[in-house]
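The structure appears below as structure tokens.
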Amino acid sequence: MANNMDFVSLGEVMIQLNPLTPGPLRYVRYYEVHVAGSEANMLIDLAKFGYRTGLITKVGNDEFGKLVINFLRGEGIDISQIRVDPTAPTGIYFIQRHFPVPGKSTTFYYRHGSAASKMSPEDIDEEYVGRAKALILTGITPALSVSCRKAVLKAYSLAKRMGVDIILDTNIRMKLWKDKERARSFISKLLESKILFTNIEDLNIMFPGSDIISSAKLLSKKCEIVIVKMGEKGALAVKNEQIYRKEPFIVPMIEDVIGAGDAFNAAFLATYYKGLSVDEALTYANAAGALTVTVRGDVEALTSMKDLESFIESLKKPMLLR
Ligand code: KDG
């Protein structure tokens, strides 16, 4: 089967309502509308780096569904696998910024019973998965419903059978899973992957009581490379038992941290798949994460590799304060 897609993924895209002002939502009066969802974010960022990407999802037969499709089409994502479900709405979520912890954001979902949560194995087309170089999965989609879990398992086993690379971000959303054991036992079925992204909180759920390095090393037995995103502590990777560490880029202001992890993944994938070393790919990944927190919205800060390089260069010089 010819590879005419680079990365495909399976996941929910939502309308994001992002407050113009920081603070508790009960006092927020004005919101900005964005389109976001972890899997779509990665595909959009990868498309900006020149890759061919496509998303499998469902939206409602509503204005928000039309907005999602238009936005993805506009960003150059293949939308041939997006189905419209007339029985359920497109999911939405709100973000609360800088409260109660300055610099942090909190998400509030209104997505239960959404069109995307109705995805099932019938929505996964074998031929479509086989056209990709890599399938990107996250721990979010299987947390949406039983039928989504079955769809994820089908996509995972098809990719394995057809030699399509599997990229996994554990992305455990406890607001969706509710139960740690349920999250742990399902995600442990997806661990055999080429590249596995995770973070400290997810490692603590997957391997309670174990330290980060031991958990990452354990995971790396099943993958080519494991990457642990550590936010303001940077990132580390384990490949062939070797450990790589990268300091973070510090930006002068944080607008909204949501989406930074997806931008990190996309920049890592974009550069690693071009043949850059783990060390170099981690530098681009950290930079993409840092740049993303400087604006509201998950994908608006990444535009091209050239702009990302300008950002990296700018941080090597002393900041001009005025
Ligand atoms: O990674 C950013 C996502 O968390 C955000 O866009 C919403 O997909 C989302 C989710 O399920 O939390």
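In listed order, ligands and their atoms are each counted from 1.
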[X] neighbourhood, listing ligand 1 atoms whose heavy-atom distance to it stays under 4.0 Å:
X: Asn41; value: 2 (C), 6 (O)
X: Ala36; value: 6 (O)
X: Ile258; value: 2 (C), 5 (C)
X: Ile140; value: 8 (O), 10 (C), 11 (O)

Aromatic plane relationship, Phe311 with Phe249 - under 30° parallel, 30 to 60° tilted, over 60° perpendicular
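Taking Phe311 first and then Phe249, their aromatic rings sit tilted (interplane angle of 30° to 60°).
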Which protein heavy atom lies closest to [atom], and at what distance to 0.1 Å?
atom: atom 10 (C) of ligand 1; answer: Tyr109 OH, 3.3 Å
atom: atom 8 (O) of ligand 1; answer: Ser38 N, 2.9 Å
atom: atom 5 (C) of ligand 1; answer: Tyr93 OH, 3.1 Å
atom: atom 4 (O) of ligand 1; answer: Arg173 NH2, 2.7 Å
atom: atom 1 (O) of ligand 1; answer: Asp262 OD2, 2.6 Å

Aromatic ring proximity Tyr273/Phe7, centre distance under 6.0 Å
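Distance test on ring centres: under 6.0 Å, yes.
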When the ring centroid of Tyr272 is compared with that of Tyr284, is the distance short of 6.0 Å?
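Between Tyr284 and Tyr272, which both carry aromatic rings, the centre distance is not below 6.0 Å.
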Check whether any heavy atom of [X] sits under 4.0 Å from an atom of ligand 1.
X: Met14; answer: yes
X: Gly37; answer: yes
X: Asp298; answer: yes

Less than 4.0 angstrom from a charged side-chain N to a carboxylate O is my criterion; do Arg161 and Glu126 meet it?
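Salt bridge flag = yes for Glu126 with Arg161.
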Of the side chain and backbone of Leu176, name the one, both, or neither that has a heavy atom under 4.0 Å from an atom of ligand 1.
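Under 4.0 Å from ligand 1, Leu176 contributes no heavy atoms.
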Return yes or no for this condition: an N or O of Arg111 is under 3.5 Å from an N or O of ligand 1.
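Between Arg111 and ligand 1 (N or O atoms, distance only) the closest approach is under 3.5 Å.
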Partner of Thr138 by side chain to side chain donor-acceptor pair (under 3.5 Å), out of Glu39, Glu12, Arg173:
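The passing option is Glu39.
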Hydrophobic clusters here meaning ILVMFWY residues chained together by side-chain heavy-atom distances under 4.5 Å, can you tell me if Val257 and Leu20 are in one?
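In one cluster: no.
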For Ala88, does its backbone N or O pair with a side-chain atom of Lys58 as donor and acceptor, under 3.5 Å?
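No, the answer is negative, given that no donor and acceptor are paired below the 3.5 Å cut-off.
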What verdict does the salt bridge (charged side-chain N to carboxylate O under 4.0 Å, His left out) test give for Glu63 and Lys66, after you've listed the backbone C-alpha separation in whole Å, the side-chain angles of each residue and the deciding distance to 0.1 Å?
CA-CA 5 Å; Glu63 288 301 314; Lys66 290 183 177 56; 5.1 Å; no
For the residue pair Asp262 and Asn171, establish whether any side-chain heavy-atom pair is separated by less than 4.5 Å.
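They are in side-chain contact.
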